[in-house]
> 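Sharing a structure with you now.
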Amino acid sequence: MISVEFRKNLNEVLRLIAIKLDLNETRYRNAVEKYENVAKWLNGEDSKLADHSPAIYPQGSFSLGTIVKPIGSDEYDIDLVCELKDFLGAPDEIKSLVGNRLQENGIYQPRLEEMNRCWRLYYAKEFHLDILPAKPSLVESLSNTAIEVPDRDLQDWSDSDPKGFTEWFKDCMVEQFTINRQILAQLKQKSVDDVPEYAVKTTLQQAVQLLKRNRDININKDKDKPISIIITTLAGHAYENQADLYETLIALVRDMPNKIDYKDGVAWVHNPVNPEENFAEKWEKHPQRHKKLIEWLSDLESKLRRLQKFNDIGEAKSLVESLFGENVSQAAMEELSKQKSANAHIKVTAPPTIKIDDPIKPWKE
Amino acid sequence: MVNRNLIAHEFNKMKQDYPDLYLLSNGRESWKIRGNLHFSAKYENHLVEDAYIVEILIPNEYPCVVPKAKEIGGRIPDSFHKFSDKTLCFGAPISVKRKFSYDRTLSGFFKNCLIPFLSSYTYKIKNGSLPHGELEHGVKGIIQGYMDEFQTKDIKLVIDFLRILTQDIFPGFMNCPCRSGKRLYKCHGEKILELKGLQFPQDFAAELNQIRKFLLNPPPLP
């Protein structure tokens, strides 16, 4: 059984690893400022897009709060949508319209790269902004945040709903989010409304970050590795608002396989905002990808459980490094040591020993 | 509506022993406490030290009504002694009320209800079973709870005592149902009076009803 001290240290190391993989507050605000400026440019008086009131908003892990630094790079992938109202043209036209306007700007033009469906703005050693043009969906059965984006061949439109997915994901963790925000407000002596949403992290977000990191460290080059949307969706379904990050990780890797549905023998990971969409549709053609996901989770579960055999965070060092990478794990452990040294002068009183007399027996209704 | 000053005062006292707890408002003057409860407990010669992330819900009728608590770290499975709303089931209802009545404060709640429960779970994980046993689920557990309260294994006696508890009056002069030959007030009367103060006669009547139904129609064996 894990001791109180080891559990506390393990949770702190895991939390620090997640923080170090995440965008720090400065970079986050910098990214927001940059994309807001892009939006202003696209909406400029002389812009051909101005009539479409272009709006830029986050999607993907940037929107969910689960972004992790890619392996071997200092640049984060920040995914954005550029939604144009009342656009009646073809998918390739929406892409050109946005790209042309960006190229007209002397600051953006040298940073700009054309990708398959989107435009990438590079900010060296910080991040790149991937701007995906889109238009609102007219399909009535979908939510009012649903959009259409150019498909991979720029021939047709594909359905998407990043705002809807973000709302669903936030809903999965609303309890933890609300309480953590309140606690953070108390610690910073601010009102709850003065604590920005992006500053609050839940165990779900950090667990997803750690899962993605473990995948990147161990099976990054494998073309059958689980994709992030599947990891995130299954984790959201399996999460029970646990407050302990280590327990959250164990519960997720154990329960995620049970959240896969099977319809007529076909595995489904339903898009929670569009149940007709199967995030795992490629598994039919590539069944080894399904197998890979299950094996990866099972292997990760046994490694995570092995952490319980240690008494001291130092003893667990090489296992933690093998799970999440040497550099970031070492950095997290060093920071934990620094925290302890900084707090060494604070006298921590042990809790009083309660003597239990006349105990009552637990019951269940 | 619970008295805000009372809660704040009691919480600040608790914070000295349990510094990782936070008092949070649910809005509308309802309160909860959340945080890491690091405790140390001793039962006979077993010392248990552990820490659980807990959430304590302070009911509007506090301190007349016992607070509820959840373990939110994810360590205690739902299959352990929990209600359907995932709050922890410290014991049979009457026993929980009795224990809380000894000290109707947050500190008393921690000492007499919450920490003994959590330390039992830690003990079970370490040693394989609960240190002072457990009640069965449902009505059977309520019966066992009363058997523990009255220190008897005689279910007819439990029913006799419960019948007395369903009355408004205290019939101290009757012969004690335990057949000691003594008057009730000189025998089990003290226990009866203690329990009488914890809930209304109709609450005892409801439990008695449940027990009678259970005895007439015991559930089928699995």
Side-chain angles (χ1 to χ4, degrees), chain A residues 1-12 173 175-176 178-187 191-192 202-204 207 238-252 254-255 308 343 346-365, chain B residues 16-19 22-25 32 34-43 47 49-51 53 55 72-75 80-84 88-93 95-96 98-99 110-111 113 115-117 119-122 125-126 130-138 141-142 144-145 148:
Chain A
M1 214 194 82
I2 313 186
S3 74
V4 173
E5 187 67 12
F6 179 59
R7 178 180 288 277
K8 188 174 165 194
N9 291 335
L10 176 61
N11 268 307
E12 185 59 9
M173 61 185 198
E175 239 187 76
Q176 268 292 296
T178 310
I179 294 282
N180 286 357
R181 198 177 188 189
Q182 281 183 305
I183 291 177
L184 199 55
Q186 252 193 42
L187 286 169
S191 81
V192 170
T202 66
T203 46
L204 173 60
Y239 184 59
E240 292 189 332
N241 278 278
Q242 298 96 327
D244 182 309
L245 181 51
Y246 176 69
E247 293 294 333
T248 301
L249 273 168
I250 295 271
L252 292 185
R254 183 194 65 213
D255 296 337
Q308 293 175 24
N343 291 333
I346 299 172
K347 195 178 167 213
V348 177
T349 46
T353 299
I354 306 282
K355 191 162 175 286
I356 300 174
D357 292 318
D358 172 35
I360 55 176
K361 296 172 187 162
W363 174 62
K364 192 173 168 116
E365 230 178 354
Chain B
Q16 291 163 26
D17 291 333
Y18 306 108
Y22 297 87
L23 179 64
L24 303 165
S25 164
K32 51 169 120 180
R34 208 189 238 222
N36 196 34
L37 175 57
H38 177 193
F39 65 84
S40 168
K42 194 167 184 181
Y43 172 68
L47 185 68
E49 188 182 339
D50 207 337
I53 307 179
E55 180 177 279
I72 56 167
R75 286 177 59 189
F80 196 65
H81 298 272
K82 289 186 186 180
F83 289 101
S84 53
L88 308 175
C89 206
F90 308 119
S95 305
V96 175
R98 176 174 62 79
K99 291 294 276 189
F110 275 47
K111 180 172 187 272
C113 300
I115 290 175
F117 182 94
S119 62
S120 294
Y121 186 76
T122 301
I125 295 301
K126 265 184 150 162
L130 290 166
H132 16 90
E134 57 193 312
L135 300 177
E136 292 199 49
H137 296 188
I142 296 187
Q144 289 167 340
D148 286 346

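Throughout, protein chains are lettered first and strands after them, A, B, ... in sequence-line order, and every chain is numbered starting at 1.
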> Is chain A contacted by the side chain of Lys111(B), its backbone, both, or neither, given a heavy-atom distance below 4.5 Å?
both
> Spell out the residues in residues 355-365 of chain A that have some non-hydrogen atom less than 4.5 Å away from a non-hydrogen atom of chain B, in order of number; otherwise answer 'none'.
Lys355(A), Ile356(A), Asp357(A), Asp358(A), Pro359(A), Ile360(A), Lys361(A), Pro362(A), Trp363(A), Lys364(A), Glu365(A)
> If you tally heavy-atom pairs under 4.5 Å against chain B, which of Arg7(A), Glu175(A), Gln176(A), Glu5(A) wins?
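That would be Arg7(A).
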> Nearest 0.5 Å, what's the CD1-CG distance between Ile354(A) and Asp17(B)?
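Atom-to-atom, Ile354(A):CD1 and Asp17(B):CG are 7.5 Å apart.
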> So, using side-chain hydrogen bond (donor to acceptor under 3.5 Å, both in side chains) as the criterion, who are the partners of Glu12(A) when residues are at least two apart?
Arg15(A), Gln339(A)
> Can you tell if the side chain of Asn241(A) reaches within under 4.5 Å of the side chain of Ile72(B), non-hydrogen atoms only?
no
> Heavy atoms only, distances under 4.5 angstrom: which of Ser120(B), Gly145(B), Gly141(B) has the most pairs with chain A? Name it, please.
Gly141(B)
> Using a cut-off of under 4.5 Å for heavy-atom pairs, which of Pro116(B), Ala51(B), Cys113(B) has the most such pairs with chain A?
Pro116(B)
> Output the distance between atom CD1 (Ile115(B)) and atom OG1 (Thr353(A)), rounded to the nearest 0.5 Å.
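The OG1 atom of Thr353(A) is 10.0 Å from CD1 of Ile115(B), to the nearest 0.5 Å.
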> Answer with side chain, backbone, both or neither: which region of Phe117(B) has an atom nearer than 4.5 Å to a non-hydrogen atom of chain A?
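Phe117(B) touches chain A through side-chain heavy atoms alone.
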> Of the backbone (N, CA, C, O) and the side chain (C-beta and beyond), which part of Thr122(B) lies under 4.5 Å from a heavy atom of chain A, both, or neither?
both
> Check step by step if side-chain contact (heavy atoms from CB on, under 4.5 Å) holds for Leu187(A) and Tyr22(B).
CA-CA 10 Å; Leu187(A) 286 169; Tyr22(B) 297 87; 3.6 Å; yes
> If you count heavy-atom pairs under 4.5 Å between each of Leu47(B), Ile142(B), Asn36(B) and chain A, which one has the most?
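When all of Leu47(B), Ile142(B), Asn36(B) are compared, Ile142(B) has the most.
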> Quick one: does any side-chain atom of Gln242(A) pair with a main-chain N or O of Arg75(B) as donor and acceptor, under 3.5 Å?
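A pair under 3.5 Å: no.
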> Just give me the residue among Leu130(B), Leu37(B), Ile53(B), Leu88(B) that pairs up with chain A most often, heavy atom to heavy atom, under 4.5 Å.
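Most heavy-atom pairs under 4.5 Å with chain A: Ile53(B).
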> Name the member of Arg34(B), Lys82(B), Lys126(B) that forms the most heavy-atom pairs with chain A at distances under 4.5 Å.
Arg34(B)
> Just give me the residue among Arg98(B), Glu55(B), Gln144(B), Gln16(B) that pairs up with chain A most often, heavy atom to heavy atom, under 4.5 Å.
Arg98(B)
> Within this structure, what is the CE-CD1 distance for the pair Met1(A) and Ile125(B), rounded to the nearest 0.5 Å?
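Here the interatomic distance stands at 8.0 Å.
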> Between Leu245(A) and chain B, with a heavy-atom cut-off of 4.5 Å, which part of the residue counts as in contact: side chain, backbone, both or neither?
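It is neither, since no heavy atom gets under 4.5 Å.
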